[in-house]
*Asks:* 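Structure in structure tokens, see below.
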Amino acid sequence: MEQTLVIIKPDGLQRNLIGEIISRFERKGLKIAGMKMMSIDDLKVEEHYKKYVEKPFFRHLRTFMQSSPVIVMVLEGVEAVSAVRLIAGSTKGREADAGTIRGDLAMSLQTNLVHISDPEENPQEEIDRFFSQDELFDYKKIDRDFVYSPDELD
Ligand code: CDP
Ligand code: MG
């Protein structure tokens, strides 16, 4: 089944929204395959945001992403990459749709609570950047047969 990376950024920790954010993904029916707290070092921040390293705002983005630990999660489900993007909402919080994490809870373009994998940017590579194989768990979730119909699980 498809897996995708989510990072709860430092504003999520500082604003006491970790539970709220995890809860939204849980209630949707996504399965948590891995989760931990960690700091993001210089190398990881540069790899993760490589398309923006040359941009003027990168300096602030790096400082922000390293201002506290973050929560990293691997979420799993049928077409999980796009489902998770819909729940997160578009990048700029103040323009994101109501009902999404960013639309309901964020104002900023930069401090927008979550990172979510982009299908164009190789979600598996992002997962490998933050998780080793022994930190990911393959287990049976008992709600599975109610979250999906049998043909969706073929
Ligand atoms: O996070 P998302 O995939 O929605 O957007 P992105 O274009 O991949 O940008 C990654 C992150 O860089 C954003 O979530 C912002 O935190 C940050 N960013 C920024 O600070 N200023 C910008 N002009 C664009 C992005
Ligand atoms: Mg992105």
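In listed order, ligands and their atoms are each counted from 1.
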*Asks:* Ring pair (Phe, Tyr, Trp, His ring centres under 6.0 Å): which pairs involve residues 70-113, sequence neighbours left out?
*Replies:* none
*Asks:* Would you say N112's side chain and R102's backbone share a donor-acceptor pair under 3.5 angstrom?
*Replies:* no
*Asks:* Would you call D143 and K141 a salt bridge, taking side-chain N to carboxylate O under 4.0 Å as the test?
*Replies:* yes
*Asks:* Using a threshold of 4.0 angstrom between heavy atoms of the protein and any atom of ligand 1, which residues qualify?
*Replies:* K9, Y49, K51, Y52, F57, L61, R85, T91, R102, L109, Q110, N112
*Asks:* Considering residues at least two apart in sequence or located in another chain, which fulfil the side-chain hydrogen bond (donor to acceptor under 3.5 Å, both in side chains) criterion with Q14?
*Replies:* none
*Asks:* Scan for side-chain hydrogen bond (donor to acceptor under 3.5 Å, both in side chains) pairs involving residues 49-60, sequence neighbours excluded, and state none if there are none.
*Replies:* K51-E121
*Asks:* Decide whether a cation-pi geometry holds between K36 and F131; the criteria are a distance under 6.0 Å from NZ or CZ to the six-membered ring centre and an angle within 45° of the ring axis.
*Replies:* yes
